[in-house]
Each structure stands twice: as C-alpha cells, then as structure tokens.
Amino acid sequence: MIFLKISFYGAAQMVTGSCFLCETDEMSFLVDCGMFQGGKDLDDLNYKAFPFDPSQVDFLLLTHAHIDHSGRIPKLIKEGFKGEVYSTGATKELCRIMLEDSGHIQEMETEWKNKKLRRKGLEEIQPMYTVDDAIRAMKFFEAIKYEEELSLGEKIKVRFINSGHMLGSSFIEVSVFERENWFVYLFTGDLGNTNIPLLKDPARIEKVDYLIIESTYGDRKHTDKNPNEVDLLDIVKKTASKGGNVVIPSFAVGRTQEILFEINHYKENGLLGEFDSIPVYVDSPLAIRATEIFRNNCRLFSKEARKLMEKGDDPLLFHNLHFSLTSDESKAINDDENSKIIISASGMCEAGRIKHHLKHNLWKKNSSVVFVGYQAPGTLGSSIKNGAKKVRIFGEEIAVKSKIYAVEGFSSHADMDGIIEWIEGNEVIPKKIILVHGEEEAMFNLQRELSNRYRIDVLIPKLGDTINIADKAEEVKHVEVIAETKISKEEILGELYDLIQAMEDKEDLDLNKILDSIDELKKIVD
C-alpha cells in the first residue's frame, strides 16, 4: 500500500519559498524549491540547511521559473541533490537566465557583507550559490511538453498542464496508485488570472482528488473593469499632459512583457492620441533577455497574440521602444527631461535600477508611479503603495509627491472570484483542498469561503507540517523550520556603528535594520 505524505517547507502561511516534499514508501520528490522573499527573517531561511536530505530526493517537479519557486535549486544541488529537475521547455529557458541573475545577486550581496565582516575582524561568509553554481544547475533540467504523461515509477505518473500564470507555467498533476485506485494530487503553483491578452487562460482539469492551491489574492478581488487598458491608458495620458514620467516597477519576467503587449495595443490603435510617440524604456538586462525568450516561444501565446505574430506584427515591439542594457544607458534615461514611460525591476523596489528611477521621480508632483503586482509587507514598494510620505533610497530621504497608483488588473494571479470560478469550472470538486502561497488573512478568508461553499475539508498547513492528505485521520506532524540567528553583543554594536556611519556617509540605509539591531541588543542587555 502506498500513501503520499506532503511536507510543507515553504509557502505555508506565507507567499514565498515554495517547497513541498512528497514521500511514498518507494520514493521522495519535491514540487518547487523556491527562495523566501520579504525581509531579513525570511532571507535567513534561504541560508539554513534544508530540513531533509537533498541526496535522498529522487526528482524535482518545477511549476514555473519565478524565483520564489525556483530560486534555491542551485543550493539544493550544492547540498547533494542528484536527480532530474522536470519543467516545461519555456520554464527551463527562463530559469537559465533567472538563476544566473540570482547567483550574481548572491555574489554581490555576499561581497558587501564580507567588507563589513573584514572591518570587524570576523570570519567571512560564502554566498548561498554563485553564477557558476546556477550554470551547473541547468545540467539537471529536463524539458517536458504540456500534457505529456511522465511515468516516474510504477505507481506515480506526472503531467504538466498550462496554468496561465506566466510563460511556461504549469499545474503539476501527480497521479498516485493508492488503495487499488489512482488518486490525483494537483499542485497549482500560481494560478493565472483570466483574460491576460498575451497568454492562454488556465486549463480546466478533468479530475482532481486533492488540490494544493495558491491563495495570494484569497481575500481580494481585482477590479471589475478592464483596468489593463482603461486605467493605465488614463494614467499615461494624464501624466504626459503634465510633462511627467510614468514609472512602473515591474517583475522582469512575465509582468514586463504583459505591459509591453498592452502599450503596443495603445500605439497600434491610436489610443494615446497626441502622446502616441511617448518613448518607453525597458531598463532591466534580465527583462530584455526574458523578452527575447518570450518572442521565441510565441506558440505559447494566446490566440490573439499568435495572430499578430503570424501577420508579422510583433506585439512586444513598437515605435519608440528602447531597451537599456548598460548602466550608462540607464543613467541617460533620467537625464532626459521629456515625458516617458520607464519599466524597470525589481517589482517590489527592493533592488535594481528601479530605485534610481524612484529617487529621480518620487518627489515630482507631475510624475506617476504605477504598481502592477504584489508588494510584500516590509518592502520599499509596499511602503510607497501604502501611502508613505517619505522613503529612504540610497541613504537619502525622498519625499513622495508623485501620484501613486495600483493597477490590479495586470496581476498574473487569480483573485478570490477567479479561484472559485476555476475550481467550479473543472469537471469535479476535489475531496480536499490545501491552501498555500498566501498571507494568513487571505488564506483564512478563502478557507471560510471554500468550506461553506463546498462542505469539504480545507486545510492550511504551517511551515514544517507534514500531512497525509488522503488519510481520514489527517495526521499532522510538525517540524520547526526557523532561521537560527546567533549574534554576539559585539556584532550588534558593530552593526549599529556601521549603520550610524552610513548615515554620515549618506549611503543606502535600512531603518528597519536599525530597529531590528536595537531590539536584539535590548534582548541581550535585558
């Protein structure tokens, strides 16, 4: 007899860090191995050893390329994983550039930390992984076509099914032979929003017994209009009429390409009127490389987008579109005083070139900042979106006087209504549902809605929980998955000294980091 146990080592009562260990009496495998994002405590989890032995994991199933789903794969391999990483071909292509970019970030951040450690006479640290580690990790990837059935042992079959979230994203259907029958476990990864013009809608499912589904927007509804067209178009025209810039913090992979498709629609149909020639800058090397991968995989586009490609009208290219690859090209954008649209990473404004564009535009009353995606609590993007009057960027206090907008219609995640409509649009209602990938309030809100509507068990595991979903007893075992922070009084005092020095030098300063350090010092003193 074979039963599938699932251990939730990420994205459990939180949005990021997707990592689910699945075990039978014959094998074990992972669904996703993503990075935790959203503050120091979560970042510490990335460096902690996995709560399982990577060398004993037989294979990994990857839903899509976003770093919160794929970002720890090089670390997994460094720590002993020797199996295959199965994904769609487009996901493999995107991971090649995204993991390499992530490795570069690990190297840069580690070098910055080591400069401080050297000044203190402390031992240097190693990056989570390097660019070379990321390149090596790609040798473990094996591309699988949508709907292709993959047999992984006599009693486990796998299919990748279009999830509509981003290029190459998948639901992962795992069929397990239990109690003389085949039972279907479906991991949604991220469930896509419907009517995204560039991509196909999420596929419908014929059968699912146990559904493990995301809940990022489980307590929210996207606007009822078509905000992709009406709201952003209105923002661009109003801002340009005042001579200002439209700054769009955007995730380099997925969201940037959707925005380009939308702006192409405006320009092709004369919707911008007198501002039809407004220049658009994509200022992110990663976004530029990703856009090329999108264009090379246009067979995965929606019917509308494929028709444009067939006519020779590339929907991701248009008049006065500029790709800024070098740092000099990036700096030149802010030297130009004419109105423009600037699309730059990172999407949550925590790193990258977007911080320079915010520094140059937040204080301008005639400019606009448009958020088109999820902003994790504690990020710079979240502070600005939620009404901060002043923010600190590169050690300088910047007044927020520009217009701040949130255009939810660009979200690549289904909202509460979208999740329910997708479940009800499938041929059967699951026996049980497990909610992952969400903040607590969103998850518990969705749990109430689904439980009342379907009268089935809707479970919300904690980080470290192990559940045999098919077992009526639903035995839950818990393993603590915490970030161990060992820091001496001298280190804290040194950290405070560096932060005070940064204030004097007007370097980049994180106020939350000061407060955290003071709290730690207080605990030691107390």
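The first residue of the sequence shown is numbered 1, and numbering continues consecutively from there. Just so you know, these numbers come straight off a predicted model, no measurement behind them.
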Looking at Phe50, does the NZ or CZ of Lys75 lie under 6.0 angstrom from its six-membered ring centre and within 45 degrees of the ring axis? yes
Does one side chain, of Asn193 or Ser412, offer a donor that lies under 3.5 Å from an acceptor on the other? no
How about Asp190 and His69: does a side-chain donor come under 3.5 Å of a side-chain acceptor? yes
Within this structure, what is the CG-CG distance for the pair Asn162 and Leu300, rounded to the nearest 0.5 Å? 8.0 Å
Check whether the side chains of Asp201 and Thr194 place a donor and an acceptor atom closer than 3.5 Å, and report yes or no. no
State whether a side-chain donor-acceptor pair under 3.5 Å links Tyr129 with Ser102. yes
Do Asp53 and Ser55 get their side chains close enough for a donor-acceptor pair, meaning under 3.5 Å? yes
Is the backbone N or O of Ala12 less than 3.5 Å from a side-chain atom of Lys462, with the two atoms forming a donor-acceptor pair by type? no
Does one side chain, of His356 or Asn334, offer a donor that lies under 3.5 Å from an acceptor on the other? no
Within the side chain of Arg255, is there an N or O that forms a donor-acceptor pair under 3.5 Å with the backbone of Val372? yes
Should the ring pair His66 and Phe251 be called parallel, tilted or perpendicular, given that the plane angle runs from 0 to 90° and is split at 30 and 60? tilted
Any chance the side chains of Glu214 and Thr216 put a donor and an acceptor closer than 3.5 Å? yes
So which of Ser250, Ser327, Ser330 actually passes side-chain hydrogen bond (donor to acceptor under 3.5 Å, both in side chains) with Asp283? Ser330
Pi-cation contact, Phe394 with Lys355 (under 6.0 Å, within 45°): yes
Distance (rounded to the nearest 0.5 Å) between Gln375 CD and Cys349 SG: 5.5 Å
Arg118 with Glu111: basic N within carboxylate O range, under 4.0 Å: yes
Ion pair Glu148/Arg159, N-O distance below 4.0 Å: no
Is it true that the side chains of Ser163 and Ser169 contain a donor and an acceptor less than 3.5 Å apart? yes
Spell out, as yes or no, whether a donor-acceptor pair under 3.5 Å connects the side chain of Ser344 to the backbone of Ile354. yes
Could you verify whether a donor N or O on one side chain and an acceptor N or O on the other, from His413 and His437, lie under 3.5 Å apart? no
Is it true that a side-chain atom of Gln447 and a backbone atom of Met443 form a donor plus acceptor pair closer than 3.5 Å? no
With a 4.0 Å cut-off, would you call Arg96 and Glu93 a salt bridge? no
For residues Glu123 and Leu117, report the shortest heavy-atom separation together with the two atoms involved. O-CD1, 3.5 Å
Side chains of Asp68 and Thr16: is there a donor and an acceptor less than 3.5 Å apart? no
Centroid-to-centroid, Tyr9 to Phe20, below 6.0 Å? no
